[in-house]
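Order of appearance sets the numbers: ligands from 1, and atoms from 1 within every ligand. Start at 1 with the first residue, then count along the sequence. Values reported hereafter were calculated over all heavy atoms of this structure, with side chains retained and with hydrogens, waters and symmetry mates removed.
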Amino acid sequence: MPDHDVIVVGAGNAALAAAVSAREQGAARVVALEKASEELRGGNTHYSGGLLRFAYANPRDLAPLVPDAERQIPNFFRDVEPYPAESFREDLMRVTEGRTDPELSEILIGRSFDTVSWMAKQGITMEPALSLSGVRVGDRIKWSPGAVIRARHEGVGLSRSWFEIARDRGVEIRYGTGVTRLLQDRRGRVTGVGVHDAEGFSELNARAVVLGCGGFEANPEWRARYLGRPWDHAKVRGTRYNTGDGLRMAIEIGALPHGQWTGCHSTPIDAGAPPHGDRKLTDKTNRLSYPYGVLVNAPGRRFFDEGEDFQFYTYAKLGGIILNQPGGVAYQIFDSKVTALLEGRYKTGKPFVADTLDALVDKLPIDRSACRRTLGEYHAAISAGTFDPAARDGLATKGLTPDKSNWAQPLDAPPFVAYPVTGGITFTFGGVRVNDRAQVIATSWAPIPGLYACGEMVGGLFHTNYPGGTGLMSGAVFGRLAGAHAAGE
Ligand SMILES: Cc1cc2nc3c(=O)[nH]c(=O)nc-3n(C[C@H](O)[C@H](O)[C@H](O)COP(=O)(O)OP(=O)(O)OC[C@H]3O[C@@H](n4cnc5c(N)ncnc54)[C@H](O)[C@@H]3O)c2cc1C
């Protein structure tokens with residue numbers, strides 16, 4: 001008789017969803033093995049904004065998730081737009097340039113609402129994600145469709161809730177316990193794991209193992225290997241523990257790699273952000289209001305269409321584009337017409353400030369004459385139109401490379417501010433292939449018996465870019481599936 005029914009590796013959103021789901025489906029002895037100490041537990045989930053993207057046909061469907069919404073935010077249900085499965089599919093297809101895995105994305109989209117409802121039933125409390133997703137226009141709030149709800153107290157609250165729920169359901173959690181390898185019997189069934197903890201090396205066995213131990217974003221050698229230069233230098237937005245261990249262990253026993261191994265999620269963050277995520281600042285180093293400003297690099301040039309789309313559809317690729325600029329930095333310039341639109345988290349930064357645009361440029365450590373030329377060309381290229389922060393307003397430049405496609409207002413209202421940014425890595429897109437039961441598929445294209453994967457370890461969903469709020473949703477969907485099927489082994 002094995003020591004455990006199900007071993008879950010990791011203790012983020014995906015792993016703890018799996019552990020709770022395994023208990024719910026009848027596994028009596030479930031243990032989650034967390035490489036981090038109790039103090040540093042919870043993976044990227046702790047650092048996240050807690051935003052959840054899911055499909056819903058009618059805004060009223062959100063009522064059971066956020067029963068107090070209308071009291072907190074008058075007319076909440078009137079202002080939120082429906083986000084049917086087709087819209088989620090369109091968004092995912094568009095931002096991944098049609099490359100999202102069709103089978104996996106259907107599972108993600110099709111199970112998203114049911115899974116978020118399941119999370120709420122387990123005890124995850126939620127709230128409207130006003131500061132991330134809402135833009136105030138007159139007396140209405142324009143919500144970014146599909147990404148309206150987040151866990152209360154964001155990732156910190158989500159992670160804390162999962163630990164409490166897991167504990168209440170009788171899941172054992174072992175901290176400071178890194179899994180180093182997978183054990184197999186002679187027929188190839190996964191029968192347990194090798195672990196390294198304060199006592200040294202040992203083995204634990206189980207009927208099934210669920211890997212939910214993240215990507216390789218915190219491993220500079222793997223970043224250099226798969227993402228190339230200059231990713232070995234990237235700042236890590238979240239946990240320092242996601243070093244690709246689960247991917248290595250799975251691939252060592254024949255798992256099939258899947259998805260974009262040269263791709264990752266990375267965002268514009270404060271250039272002064274620490275090398276790894278800060279437990280208190282969490283995601284507050286993000287700088288995502290660039291659609292309303294102008295972005296220049298150290299040679300003083302624009303290099304990205306700041307107004308290509310709303311931030312949630314471009315931010316996850318922009319980090320890498322900034323990191324690849326000379327020096328890996330850029331400057332987001334705004335005037336006072338839009339400073340009220342900047343996300344609250346800009347308050348954690350120290351911008352350059354000046355009363356004229358010229359004086360602002362003088363303060364920036366960049367090629368100033370090139371920057372003045374760039375801004376002059378930008379102003380000359382703005383076409384007529386009306387600025388609307390809540391719609392793709394078509395207020396564009398004409399004839400620039402690249403043009404700014406929306407929200408192209410002149411910088412003409414003092415004071416002027418510039419925020420220095422770099423690209424921070426969030427998580428990697430390459431993973432292992434799983435099926436509709438979250439079983440890990442081998443290079444023989446058959447499932448590896450007894451092995452499941454979820455969360456960042458699932459390859460194939462994201463390519464080049466990503467629609468905001470999908471990582472946690474994918475982790476919960478595949479974690480819940482993995483736990484339920486592992487319980488049946
Ligand atoms: C700053 C930031 C903001 C974000 N905001 C959002 C958001 O608002 N919405 C959204 O959807 N996504 C967001 N994301 C992405 C999201 O956090 C991740 O996609 C998600 O948390 C991944 O969940 P996971 O369970 O797969 O991995 P993680 O939460 O990273 O958990 C991995 C776990 O595995 C453990 N581990 C690693 N190696 C081992 C080992 N060898 N043995 C044992 N344990 C191991 C780690 O310690 C950790 O506990 C954000 C990420 C960051 C960093």
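- Residue-to-ligand polar distances place D245 within reach of ligand 1: an N/O pair is separated by less than 3.5 Å.
- For ligand 1, the polar-atom distance check against E456 finds a nitrogen or oxygen pair separated by under 3.5 Å.
- Residue L132 does not touch ligand 1, judged by heavy-atom distances below 4.0 Å.
- Residue contacts with ligand 1 for L33 involve N, CA, C or O but no side-chain atom from C-beta outward (heavy atoms, distance under 4.0 Å).
- Checking only distances, S48 never comes within under 3.5 Å of ligand 1, N or O to N or O.
- Residue-to-ligand polar distances place E34 within reach of ligand 1: an N/O pair is separated by less than 3.5 Å.
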| query | Stepwise, does the salt bridge (charged side-chain N to carboxylate O under 4.0 Å, His left out) test hold for R240 with E217? | reply | CA-CA 8 Å; R240 65 191 65 187; E217 54 273 6; over 6 Å; no

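- D91 and Y313 share a side-chain donor-acceptor pair at under 3.5 Å.
- Not a single N or O atom of G214, backbone or side chain, sits closer than 3.5 Å to an N or O atom of ligand 1.
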| task | Give the intermediate values and the outcome of salt bridge (charged side-chain N to carboxylate O under 4.0 Å, His left out) for residues E81 and K142. | result | CA-CA 9 Å; E81 288 172 34; K142 169 88 182 166; 2.7 Å; yes

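- Among protein heavy atoms, atom 16 (C) of ligand 1 sits closest to L472 CD2, 4.1 Å.
- Among all non-hydrogen protein atoms, the one lying nearest atom 48 (C) of ligand 1 is G43 CA, 3.5 Å.
- Two rings, from F76 and W143, have their centers less than 6.0 Å apart.
- Within ligand 1, the atoms closer than 4.0 Å to a non-hydrogen atom of G49 are 3 (C), 4 (C), 5 (N), 6 (C), 7 (C), 8 (O), numbered from 1 in the order shown.
- A donor-acceptor contact closer than 3.5 angstrom is absent between the side chains of E306 and Q332.
- Listed by atom number, the atoms of ligand 1 under 4.0 Å from G50 heavy atoms are 7 (C), 8 (O).
- Both the sub-6.0 Å distance and the 45° axial angle are not jointly satisfied by R223 relative to the ring of F216.
- With ligand atoms numbered from 1 in the order given, ligand 1 contributes 53 (C) to contacts under 4.0 Å with heavy atoms of G238.
- Residue contact check: G10 has heavy atoms under 4.0 Å from atoms 33 (C), 34 (O), 35 (C), 44 (N) of ligand 1.
- Of the residues listed (V6, V440, L481), the one engaging V210 in a side chain to side chain contact (heavy atoms under 4.5 Å, CB included) is V6, and it is the only one.
- The residue from I149, V80, L65 that alone fulfils the side chain to side chain contact (heavy atoms under 4.5 Å, CB included) condition with Y56 is V80.
- If you number the atoms of ligand 1 from 1 as listed, the ones under 4.0 Å from a heavy atom of Y241 come out as 37 (C), 38 (N), 47 (O).
- Not close to ligand 1: G475, with no non-hydrogen atom less than 4.0 angstrom away.
- Within ligand 1, counting atoms from 1 as listed, the ones closer than 4.0 Å to a heavy atom of T426 are 50 (C), 51 (C), 52 (C), 53 (C).
- No side-chain donor from either of T422 and R287 sits under 3.5 Å from a side-chain acceptor of the other.
- Centroid-to-centroid, the aromatic rings of H265 and Y315 come within less than 6.0 Å.
- For the residue pair N286/R237, the side-chain donor-acceptor check at 3.5 Å is satisfied.
- In this structure, a donor-acceptor pair under 3.5 Å is absent between the side chains of W162 and Q122.
- Between Y292 and F334, the ring centre distance reaches or exceeds 6.0 Å.
- With atom 15 (C) of ligand 1 as the reference point, the heavy atom nearest to it among F427, F312, F478 is part of F427.
- Only backbone heavy atoms of T177 (N, CA, C or O) come within less than 4.0 Å of ligand 1; its side chain stays farther off.
- Contact between Y466 and ligand 1 is present, with at least one heavy atom of the residue lying under 4.0 Å from the ligand.
- The distance criterion of under 3.5 Å between nitrogen or oxygen atoms is not met by V9 with respect to ligand 1.
- By the 4.0 Å heavy-atom criterion, G42 is counted among the residues contacting ligand 1.
- Numbered from 1 in the order shown, with element, the atoms of ligand 1 that lie under 4.0 Å from a heavy atom of D283 read 1 (C), 3 (C).
- Within the structure, ring pair (Phe, Tyr, Trp, His ring centres under 6.0 Å) pairs that include any residue of residues 84-108 comprise Y83-F88 (at least two apart or interchain).
- Polar contact with ligand 1: absent for M249 (N/O pair, distance under 3.5 Å).
- Residue contacts with ligand 1, taken as heavy atom pairs separated by less than 4.0 Å, do not involve F216 at all.
- Considering both main-chain and side-chain atoms, G455 never comes within under 3.5 Å of ligand 1 through any nitrogen or oxygen pair.
- N435 is linked by a side chain to side chain donor-acceptor pair (under 3.5 Å) to Q439, counting only residues two or more places apart in sequence or in another chain.
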